[in-house]
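When reading the values below, keep in mind they use all heavy atoms of this one structure, side chains included, and skip hydrogens, waters and symmetry mates. Just so we're clear, the structure is a prediction, and the values are computed from it rather than from any experiment.
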Amino acid sequence: MLAKDSKKKIILTGDRPTGKLHLGHYIGSLKRRVELQNSGNFDEINILVADDQALTDNWANPKKVRDNIIEVTLDYLSVGIDPDKSNICIQSGIPALHALTFYYMNLVTTQRLSRNPTVKSEMQMRGFSGNDSDDNEAGLPAGFFTYPVSQTADITAFKATTVPAGEDQMPMVEQCREIAHRFNTIYNCDVLVEPDILIPENSAQRRLPGIDGKAKMSKSLGNCIYLSDDAKSVKQKIMSMYTDPTHINIDDPGHIEGNMVFTYLDAFLRDDSQFADYLPDYKNLQEMKEHYRRGGLGDMKCKKFLLKVVEEMLDPIRTERAKWENNIGEVYDILKTGTDHAVKVTNQTLSECREAMRINYFDDKNTMVNDWEDWLKESHQ
Ligand code: TRP
């Protein structure tokens with residue numbers, strides 16, 4: 001057996017294609033993925049467009065999911081995910097994931113699944129009460145309830161060691177580790193890998209609030225800046241951003257906490273040289289914040305600076321996106337190649353799982369015929 005530290009380092013992460021990706025996704029995960037991709041520290045990087053998972057709460061609207069597969073892939077490519085280094089694939093095209101999900105269902109109880117805090121809060125948001133009901137809209141759809149099991153299949157099928165994801169995915173990775181451990185114990189093997197989650201380091205990156213200052217940036221709240229927004233709408237959104245309602249006149253003292261302009265500067269300021277470039281009145285963010293607190297620094301000036309910082313980041317993303325948008329055929333080919341590759345890798349894991357369970361009947365006659373003959377002999381002695 002290979003020593004643990006000689007094990008391949010494999011990343012699997014993914015997104016549900018239910019909408020375009022926004023600044024919250026960028027700072028919370030995409031930027032990190034690109035860094036990990038370019039670090040050279042990983043042997044394989046897989047990014048899964050989780051369309052089957054998206055269907056667990058969009059079953060009546062497959063068109064929405066389908067359209068967003070391309071949107072999300074364009075977002076990946078435009079931020080610097082490189083298809084030569086990262087394998088982008090579509091979940092529904094990978095049959096081994098479905099088969100593994102079905103076996104893993106046996107290794108978890110509904111009681112355990114009910115305790116998943118992320119699923120609980122998602123149920124609440126979607127009005128899936130969990131009360132007895134024959135109506136999917138009101139009750140809890142079994143597919144949605146069990147998606148953490150399918151996510152376990154996603155992760156383990158690629159033998160991922162590392163899952164870069166947001167904090168809200170911690171219960172999923174925990175569930176995955178439990179199922180993988182149970183599988184290896186029950187079937188007395190070491191086929192499945194128990195992965196570690198890799199969450200963003202700083203809190204401004206972990207949970208970016210929306211431009212209205214409310215909760216998380218999210219499509220349903222309509223408070224997003226999208227990676228695909230044009231310069232005009234980014235400007236309009238930043239200019240309308242929630243700041244400090246008590247800061248009425250420029251000379252009034254201002255608050256930094258809960259002020260989205262400063263929250264976003266904390267998250268997106270690349271380095272102090274951006275002051276020299278765009279706002280030479282200050283050497284760094286600390287000085288700017290102190291002036292705002294004292295009074296005398298107006299919101300408009302702060303917003304204009306933030307706009308420069310955000311545009312410096314978004315402009316190259318926009319340019320890259322335009323290139324791919326004019327080349328959708330190539331995007332399609334990338335997804336096809338990525339999915340074909342994923343099918344091979346995950347079929348291999350599925351075979352190993354079936355072998356460990358000794359249900360690989362047609363690969364190995366022993367599992368049926370010879371075992372049967374042995375049993376006959378023994379029982380007739
Ligand atoms: N649950 C993730 C989300 O809501 C998407 C996802 C599906 C995923 N499969 C995954 C994330 C595997 C990490 C690993 O965004």
Side-chain angles (χ1 to χ4, degrees), residues 19-31 117-118 121-122 124-125 166-168 199-315 317:
K20 305 178 282 193
L21 302 181
H22 53 58
L23 285 187
H25 294 116
Y26 181 72
I27 202 69
S29 73
L30 297 175
K31 186 166 175 253
T118 301
S121 71
E122 287 174 334
Q124 213 165 23
M125 272 158 52
E167 251 177 332
D168 61 334
I199 56 175
E201 277 149 20
N202 94 35
S203 65
Q205 298 177 343
R206 247 179 254 162
R207 187 168 267 266
L208 188 75
I211 55 172
D212 55 0
K214 289 200 191 105
K216 218 168 131 171
M217 183 173 277
S218 104
K219 195 177 56 161
S220 51
L221 298 173
N223 59 8
C224 303
I225 297 176
Y226 292 101
L227 295 173
S228 50
D229 277 348
D230 60 21
K232 196 168 150 237
S233 29
V234 174
K235 180 169 182 192
Q236 192 213 327
K237 287 177 183 179
I238 287 185
M239 291 306 156
S240 72
M241 222 169 201
Y242 180 86
T243 56
D244 171 10
T246 69
H247 185 238
I248 297 164
N249 302 305
I250 291 188
D251 290 331
D252 293 341
H255 295 89
I256 305 295
E257 295 72 28
N259 182 327
M260 290 308 105
V261 176
F262 288 98
T263 304
Y264 280 45
L265 283 173
D266 281 332
F268 296 108
L269 192 72
R270 184 174 30 78
D271 57 53
D272 293 344
S273 75
Q274 291 180 301
F275 279 98
D277 293 344
Y278 307 124
L279 191 62
D281 309 19
Y282 310 100
K283 277 204 292 295
N284 54 42
L285 191 53
Q286 196 51 37
E287 271 188 24
M288 182 185 176
K289 284 181 176 171
E290 275 160 22
H291 194 188
Y292 191 85
R293 279 208 184 93
R294 275 201 310 277
L297 171 57
D299 277 2
M300 198 46 78
K301 195 164 175 176
C302 300
K303 285 178 171 176
K304 281 187 178 154
F305 178 56
L306 174 64
L307 179 62
K308 295 277 191 199
V309 169
V310 169
E311 274 301 312
E312 189 184 304
M313 180 177 79
L314 284 183
D315 198 50
I317 296 178

Ionic contact status for Asp168 with Arg207, cut-off 4.0 Å: no
Taking all atoms of both residues into account, what is the closest heavy-atom pair of [X] and [Y], and its distance?
X      : Y      : result
Cys224 : Lys219 : SG-N, 3.6 Å
Ala267 : Leu208 : CB-CD1, 4.1 Å
Gly210 : Tyr264 : C-OH, 3.3 Å
Ser218 : Asn223 : N-OD1, 2.9 Å
Ile248 : Pro245 : CG1-O, 3.7 Å
Gly28  : Pro200 : O-CG, 3.1 Å

Once salt bridge (Lys or Arg N to Asp or Glu O under 4.0 Å) is applied, do any residues pair with [X], and if so which ones, sequence neighbours excluded?
X      : value
Asp272 : none
Asp212 : none
Arg294 : none
Glu290 : none

Is it the case that the side chain of [X] and the backbone of [Y] share a donor-acceptor pair, with hydrogens and angles ignored and the cut-off at 3.5 Å?
X      : Y      : result
Asp315 : Glu311 : no
Asp230 : Ser233 : yes
His22  : Gly24  : yes

[X]: side-chain hydrogen bond (donor to acceptor under 3.5 Å, both in side chains) partners, not counting sequence neighbours:
X      : answer
Glu312 : Arg270, Gln274, Tyr278
Asp251 : none
Glu122 : Arg16, Tyr147
Asp266 : Lys289

Residue pair Lys308, Asp277: steps toward the salt bridge (charged side-chain N to carboxylate O under 4.0 Å, His left out) verdict: CA-CA 9 Å; Lys308 295 277 191 199; Asp277 293 344; over 6 Å; no
State which residues pass side-chain contact (heavy atoms from CB on, under 4.5 Å) with [X]; sequence neighbours excluded, sorted by chain then number.
X      : result
Met313 : Leu23, Tyr26, Phe268
Met239 : Lys235, Met300, Lys303, Lys304, Leu307
Ile250 : none

Stepwise side chain to side chain contact (heavy atoms under 4.5 Å, CB included) check, Leu227 with Lys20: CA-CA 8 Å; Leu227 295 173; Lys20 305 178 282 193; over 6 Å; no
Run the numbers on Asp281 and His291 for side chain to side chain contact (heavy atoms under 4.5 Å, CB included), then give the verdict. CA-CA 10 Å; Asp281 309 19; His291 194 188; over 6 Å; no
Mind checking the [atom1]-[atom2] spacing from [X] to [Y]? Nearest 0.5 Å is all I need.
X      : Y      : atom1 : atom2 : result
Asp271 : Asn284 : CG    : CG    : 11.5 Å
Leu265 : Ile256 : CG    : CD1   : 9.5 Å
Asp229 : Ile238 : CG    : CD1   : 10.0 Å
Ser228 : Leu21  : OG    : CG    : 8.5 Å

Begin from the C-alpha positions of Asp244 and Val261 and carry the test side chain to side chain contact (heavy atoms under 4.5 Å, CB included) through to its verdict. CA-CA 9 Å; Asp244 171 10; Val261 176; over 6 Å; no
Going by the ring pair (Phe, Tyr, Trp, His ring centres under 6.0 Å) test, which pairs reach into residues 213-252, not counting sequence neighbours? His247-Tyr292
So for atom CD, which belongs to Glu287, do other residues, nucleotides or ligands contribute more than 12 heavy atoms lying within a distance under 6.0 Å? yes
So, do Tyr282 and Phe305 have ring centers that fall under 6.0 Å from each other? no
Walk me through whether Met260 and Ile211 qualify under side chain to side chain contact (heavy atoms under 4.5 Å, CB included). CA-CA 6 Å; Met260 290 308 105; Ile211 55 172; 5.9 Å; no
